[in-house]
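This is a predicted model, so every value here is computed, not measured. Naming: A, B, ... by sequence-line order, numbering from 1 per chain.
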Amino acid sequence: MLERVRNELAAAIAVALREMGAESPQVALEVPPRRELGDLAWAGALPLAKGLRRAPRAIAEEVARRLEGTLAALPDEHPLALLEPGCRVEGPGFVNFRLRRGPALAGLLTEGLRKTDELRRGPQAPSPEPQKVIIEHTNINPNKAAHIGHLRNSVLGDTLVRCLRFLGRGVEVQNYVDDTGVQVADIVVGLLYLPEDALLAAASPVWPEVEAGKGVRTRVLQAFASRAADRTLASPELAVADFDDLCWDLYPRVTRRYEEDPEFAAHRSEVLHAVEGGFPPELTLEEAVEPLRAGAADPGTEPHRQASARLAAAVAEANLYCHLATMGRLGIAYDVLPHESDILHRGFWRRTFELLQAAGAIRFEEEGKNAGCWVMSLAESAEFAGMADADKILVRSNGTVTYTGKDIAYQLWKLGLLRDPDGTLHDFGYRPFDRFGQAGPASPVRYGAGERTLFRTTADPGERPPGASFGAGSRVFNVIDVRQSYPQKVVKEAIRVLGHPEAAESSIHFAYEMVALTPAAVRRLEETQGLDFRLSPEDMGKPFIEMSGRRGIGVKADALLVTLIREAERAIAERQGEGATLAAEQLAGRARAIAVGALRYQMARQGRNRVLAFDFDEALAFEGDTGPYLQYSAVRANKIFEKLAAQGLAGSAEQDARAVAGVAVPDDLWELALACSRTPEMVEKSVASLEFSLLAGHARDLAQSFHKLYHEHPVLHAEDEPTRALRRATFRVFAVAITTILEELLGIPVPQEM
RNA sequence: GCGCCCGUAGCUCAGCCUGGAUAGAGCGUCAGACUCCGGAUCUGAAGGUCGCGCGUUCGAAUCGCGCCGGGCGCACCA
């Protein structure tokens with residue numbers, strides 16, 4: 001509603017300015033900082049003063065005069081009829097406008113009604129979008145549990161997805177799986193070669209069936225295979241330790257062993273080669289595990305190699321399931337899981353290599369430090385000017401492709417630019433990975449059953465199940481932390497030199513700063529988990545400490561969620577008072593909502609360019625500028641309507657709209673209603689700048705304003721019916737706005753009670 | 001060395017892209033709140049050379065340049 005008034009008013013001012021001699025005037029309308037100034041303002045007279053050679057105040061006054069004539073002649077149903085007649089010129093040359101509050105508030109009510117109707121009808125069937133936006137986020141190495149850094153990535157990515165969908169854009173969400181990298185190989189090395197005592201220490205806390213004694217490795221491998229068959233490597237239960245937790249512990253043990261014993265590192269390249277070789281598709285995990293047991297096959301033989309590769313795939317898939325479950329708890333879902341192994345086996349790189357060669361973008365180094373490598377020269381690009389070494393290796397001297405090389409291929413596919421010589425798209429094959437469902441916009445995503453299908457890629461382009469059509473986006477957002485800016489620039493540059501400068505600009509690195517730990521948080525981890533990260537006093541004196549998967553320094557996403565839920569349960573119990581006992585299921589549901597709210601809000605409210613120094617006390621805060629504060633405002637508003645309904649005083653949005661249309665709306669209620677109407681503007685701004693702190697701040701402002709009014713404007717005990725209708729109308733507008741922002745945009749569930 | 005990011009109240013952070021009207025929150029501190037829709041709330045107080053300097057402008061936290069302090073990149077890791 002506000003948007004339409006704005007657009008029409010801007011157009012009217014532009015007409016006036018053209019009549020006054022301004023050439024193609026750009027008119028921007030803003031909302032004045034204080035309501036007594038007005039509801040909309042035009043400040044453009046000041047910059048125009050020079051061009052028109054007139055005093056800004058005089059320009060503003062003439063614009064105002066011309067507008068008055070235009071506005072007076074409008075029919076009642078025109079959007080600008082919502083403006084009060086007459087505008088005021090104030091200050092050095094601001095033109096301020098006021099809305100007719102009653103009719104505007106009525107308009108907001110009916111608008112909210114329409115929105116609710118749409119929601120009730122459910123999500124529209126996803127139609128093939130010509131202007132599809134692709135967002136890649138999460139992208140966690142499938143070799144250990146997700147940590148809070150990954151949460152920042154996924155929450156930012158998911159919030160962008162939600163905002164774009166809100167704005168009506170077609171969106172495809174991809175979660176890239178690096179299933180062939182060294183990191184997965186390291187876990188396989190751990191399973192196959194780590195001394196049994198170390199393996200036992202990592203495995204037995206998670207898999208109780210693995211006990212001390214002879215044949216630990218055999219039992220670990222058997223447990224892995226049988227749990228994979230039962231699909232119990234990733235449990236829907238949050239408090240249960242899963243395979244990713246086992247890997248979290250195993251991975252640092254492997255990397256430490258590499259440092260202690262250089263010969264041990266040979267296993268790494270052996271496994272890596274095995275993984276690159278792949279395995280026959282019919283090879284099951286049980287069959288693969290068989291020869292891996294001590295003595296059944298020697299390392300270096302083909303059965304052993306294939307079995308290692310099969311094991312690596314299973315490790316990656318098991319961790320992937322764990323990650324999906326973790327993110328699912330936060331209401332985060334995906335459409336497709338592109339696998340790195342498929343990029344290789346489908347020949348994405350081979351084709352990309354041909355294209356790069358044909359464009360003369362790469363060259364083979366005969367000598368020098370990069371001898372034997374294929375490199376891309378960046379020396380000619382302004383972006384990389386001043387670099388000591390402006391060459392980026394895409395193919396190593398041993399013939400394998402670097403991550404950046406694969407990423408170029410992947411990015412070309414995302415943009416619909418990877419084509420075979422005959423011009424057809426070079427595409428993956430697809431296969432359903434799992435079914436999933438989500439009860440509401442901010443509800444947990446559950447796998448195993450449900451209405452939607454999550455697809456994964458395959459290497460066989462002949463596999464095309466119905467509904468599986470991915471890639472070829474008109475814009476691509478890659479959500480990756482800022483430390484990867486350099487390789488991201490290389491990818492962009494490759495697209496440019498391949499002859500696609502516009503596509504390169506449509507390929508956007510959504511960069512955000514890393515999540516680190518405060519020294520206090522590190523100390524707390526050491527205390528609660530009985531660990532010693534052996535950090536120096538200088539480290540502990542820094543403002544923050546970087547997480548490290550290799551050293552096991554980090555806060556696991558699920559562990560944080562568990563802690564948050566426990567704290568939320570405690571807070572709920574405290575507020576319930578003596579005697580009141582809540583059904584366990586209710587308690588769990590509310591606590592989960594609060595935990596998710598606290599977590600997602602913390603990630604969304606901070607600007608993306610700032611290092612997030614994670615602190616437990618801050619993360620566990622439920623009062624003040626927090627998710628639960630916002631949730632509470634929605635719960636409170638809904639509670640009013642429940643109570644009203646119980647007494648037969650609820651009325652309806654239509655009734656309130658009629659009642660309010662001719663009534664004087666006091667300043668404070670109007671302020672809240674107007675702020676609610678600015679939500680689409682805030683979403684636009686957030687998306688344009690990729691700063692969700694704007695949206696989070698907007699939501700907090702709304703909640704703050706509501707909480708204040710809640711104390712001053714009782715609805716149930718209003719002095720008369722017109723007063724009640726006015727308050728009810730305003731709070732109705734608020735309830736719709738805050739619920740939309742929380743559940744649809746920020747993915748924060750609104751519980752019934754807290 | 002080159003590049004990017006950060007510096008705003010005691011602490012944690014919005015606001016900067018697109019200059020505008022009195023720079024905002026939260027935490028912490030202090031003082032308060034109705035037998036009345038849930039106190040995860042609200043009211044009030046104290047707390048700011050917006051790192052420093054120069055410039056552009058009618059106007060700078062916001063734009064430009066230069067410093068200072070901190071962080072991160074510049075891999076045959078991903």
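A salt bridge links A:Glu681 and A:Arg6; the closest N-O separation between the charged side-chain nitrogens and carboxylate oxygens is under 4.0 Å. Electrostatic pairing of A:Glu30 and A:Lys685 does not count as a salt bridge here, judged by no charged N lying under 4.0 Å from a carboxylate O.
Across the P atoms, B:A61 and B:G51 are found 10 Å apart, a figure rounded to whole Å. Atom name C1', nucleotides B:C74 and B:G55: the rounded distance is 32 Å, in whole Å. Using atom C1' as the reference point in both B:G66 and B:C13, the two lie 28 Å apart (nearest Å). Distance noted for atom C1' between B:G47 and B:U56: 33 Å (whole Å). Across B:C17 and B:C65, the matching P atoms stand 15 Å from one another, rounded to whole Å. Between B:A25 and B:C2, the two C1' atoms lie 38 Å apart (nearest whole Å). Nucleotides B:C37 and B:A45 place their C1' atoms 30 Å apart, quoted to the nearest Å. Separation of the C1' atoms belonging to B:U12 and B:G38 is 29 Å when rounded to the nearest angstrom.
At B:G39, one or more side-chain N or O atoms of A:Arg636 fall inside 4.0 Å of OP1 or OP2 (strictly under the cut-off). Taking side-chain N and O atoms only, A:Lys392 has no distance below 4.0 Å to OP1 or OP2 of B:A75. Dashed line: the shortest gap from a side-chain N or O of A:Lys406 to OP1 or OP2 of B:A78 is not under 4.0 Å. Close to B:C72, at under 4.0 Å from its OP1 or OP2, lies no side-chain N or O of A:Arg483. The side chain of A:Tyr710 places no N or O atom within less than 4.0 Å of a non-bridging phosphate oxygen (OP1 or OP2) of B:U43.
Pairing partner, B:C37: none, since no Watson-Crick or wobble contact has both distances short of 3.5 Å. For B:C54, the paired nucleotide is B:G64, the pair qualifying as Watson-Crick or G-U wobble because both relevant distances are below 3.5 Å. In this entry B:U43 has B:A31 as its Watson-Crick or G-U wobble partner, both defining distances falling under 3.5 Å. Within the shown strands, nothing qualifies as a pairing partner of B:G48 under the Watson-Crick or G-U definition with both distances less than 3.5 Å. Base pairing of B:C2 is made with B:G73, judged by Watson-Crick or G-U wobble geometry with both donor-acceptor distances under 3.5 Å. Pairing for B:U18 is absent, judged as Watson-Crick or G-U wobble with the two contacts each under 3.5 Å. When Watson-Crick and G-U wobble pairs are counted only if both distances are under 3.5 Å, B:C11 pairs with B:G26.
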Using atom types as modelled, flag every donor-acceptor pair under 3.5 Å from a side chain in residues 603-614 of chain A to any protein atom, sequence neighbours excluded.
{"unit_1": "A:Arg605", "atom_1": "NH1", "unit_2": "A:Asp625", "atom_2": "O", "d": "2.9"}
{"unit_1": "A:Arg608", "atom_1": "NE", "unit_2": "A:Leu690", "atom_2": "O", "d": "3.0"}
{"unit_1": "A:Arg608", "atom_1": "NH1", "unit_2": "A:Ala511", "atom_2": "O", "d": "2.9"}
{"unit_1": "A:Arg608", "atom_1": "NH2", "unit_2": "A:Ser689", "atom_2": "O", "d": "3.3"}

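Rounded to whole angstrom, the span from the CZ atom of A:Phe616 across to the C1' atom of B:C27 amounts to 19 Å. With rounding to whole Å, A:Lys489 atom NZ is found 13 Å from B:C72 atom C1'. Going from atom CD1 of A:Ile480 over to atom P of B:A78 covers 14 Å, rounded to whole Å. Per the geometry, CD belonging to A:Gln704 stands 14 Å off C1' belonging to B:A40, to the nearest Å. As a whole-Å value, the separation of A:Leu378 CG from B:A75 C1' is 14 Å. Distance, A:Met547 CE to B:C72 P: 14 Å, rounded to whole Å. Rounded to an integer number of Å, the gap from A:Glu712 CD to B:G39 C1' is 16 Å. One atom, CD of A:Gln752, and another, P of B:G38, lie 14 Å apart when rounded to the nearest Å.
In this structure, A:Lys643 reaches the sugar-phosphate backbone alone: every heavy-atom distance under 4.0 Å involves primed, P, OP1 or OP2 atoms, never a base. Across all strands shown, A:Val182 has heavy atoms under 4.0 Å from sugar-phosphate atoms exclusively, and none from any base. Residue-level contact check: A:Phe544 touches the backbone only, with heavy atoms under 4.0 Å from sugar-phosphate atoms and none from bases. Nucleic acid contact class of A:His713 (heavy atoms, under 4.0 Å, all strands): base. Nucleic acid contact for A:Pro56: none, since no nucleic acid atom lies under 4.0 Å from a heavy atom of the residue. Heavy atoms of A:Tyr403 sit under 4.0 angstrom from at least one base atom. In this structure, A:Ala637 reaches neither bases nor backbone, as no heavy-atom distance under 4.0 Å exists between it and the strands shown.
For the pair A:Asn370 (side chain) and A:Ile393 (backbone), a donor-acceptor distance under 3.5 Å is absent.
Results of the side chain to side chain donor-acceptor pair (under 3.5 Å) test with A:Asn478 over A:His509, A:Gln411, A:Lys492, A:Gln484 single out A:Gln411 as the only residue that passes.
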- Annotated protein contacts, base or backbone, on nucleotides 12-24 of chain B with a non-hydrogen cut-off under 4.0 Å, one of B, S, - each: SSSS-B--BBB--
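Taking the six-membered ring for Trp and the full ring otherwise, A:Phe348 and A:Tyr410 have centroids separated by 6.0 Å or more.
On a pure distance criterion of 3.5 Å, no polar donor-acceptor pair joins the side chain of A:Thr402 and the base of B:C76.
A cation-pi arrangement is absent between A:Arg700 and A:Tyr629 under the rule of less than 6.0 angstrom and at most 45 degrees off the ring axis.
Judged by closest nucleotide on RNA chain B, A:Ala703 is the one of A:Ala703 and A:Gly368 placed further toward the 5' end. Map A:Arg590 and A:Glu546 each onto its nearest nucleotide of RNA chain B; the residue landing nearer the 5' end is A:Arg590.
Comparing B:C76, B:C74, B:G71 against the side chain of A:Glu513 picks out B:G71 as the nearest. Of the candidate nucleotides B:A40, B:U41, B:C37, B:U41 has the atom nearest to the side chain of A:His711.
In this pair, A:Tyr176 and A:Tyr403 present their aromatic rings perpendicular. The plane angle is above 60°, beyond the 30 to 60° band.
A:Ile362 contributes atom CD1, which lies 5.0 Å from atom CG of A:Leu356 (distance to the nearest 0.5 angstrom).
Within the 4.5 Å cutoff, the side chain of A:Val177 has no heavy atoms near those of the A:Glu340 side chain. Counting only heavy atoms from C-beta outward, the side chains of A:Asn175 and A:Leu320 approach each other to under 4.5 Å.
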